[in-house]
Amino acid sequence: MKVEFARSLSGHDKNQIYLILEEDERAAYLVNGKTHTLEKPKKKNKKHYQIIKHIPEDILVQFKKNDSLTDEMIYRMLRAYERSINK
């Protein structure tokens with residue numbers, strides 16, 4: 001499973017961190033585990049978010065340990081990422 005995080009560049013959710021659930025040519029479907037769940041992902045134009053290229057290895061390991069994604073797991077991993085960049 002490919003794990004990609006993205007930061008919103010515009011809109012009311014500017015600077016919010018998301019997990020990219022799915023991408024198409026013009027947009028991506030983003031989830032954060034709370035307001036945008038696996039059942040209701042946020043559709044965002046590719047111009048309006050930036051892919052985060054450097055995700056700490058310990059966070060990637062947590063994703064790879066689990067076979068299926070849950071909203072709770074996504075939320076915890078995004079918070080762990082935010083804590084790691086705010087050190």
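Everything numeric in this text was worked out from a predicted model, so none of it was measured.
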Inter-residue atom distance [X].[atom1] - [Y].[atom2], 0.5 Å rounding:
X: Q16; Y: K34; atom1: CD; atom2: NZ; answer: 12.5 Å
X: N32; Y: L78; atom1: CG; atom2: CG; answer: 7.0 Å
X: R26; Y: K43; atom1: CZ; atom2: NZ; answer: 8.5 Å
X: L19; Y: M77; atom1: CG; atom2: CE; answer: 11.0 Å
X: E23; Y: Y49; atom1: CD; atom2: OH; answer: 4.0 Å
X: E4; Y: K53; atom1: CD; atom2: NZ; answer: 8.5 Å

Side chain proximity check, [X] to [Y], heavy atoms < 4.5 angstrom:
X: D13; Y: H36; result: no
X: K42; Y: T35; result: no
X: E22; Y: P41; result: no
X: I52; Y: Y81; result: yes

Any side-chain to backbone donor/acceptor pair from K47 onto L9? Under 3.5 Å, distance only.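 Answer holds: no.
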Tell me whether [Y] is reachable from [X] by hopping between hydrophobic residues (I, L, V, M, F, W, Y) whose side-chain heavy atoms are closer than 4.5 Å.
X: L60; Y: I85; value: yes
X: V31; Y: I55; value: yes
X: Y75; Y: V3; value: no
X: Y29; Y: Y18; value: no

Who passes side chain to side chain donor-acceptor pair (under 3.5 Å) against S84, sequence neighbours left out? none
Quick one: closest heavy-atom pair of [X] and [Y], and the distance?
X: L69; Y: L38; result: O-CD1, 3.5 Å
X: S10; Y: K44; result: O-NZ, 2.9 Å
X: I20; Y: A28; result: CG2-CB, 4.3 Å

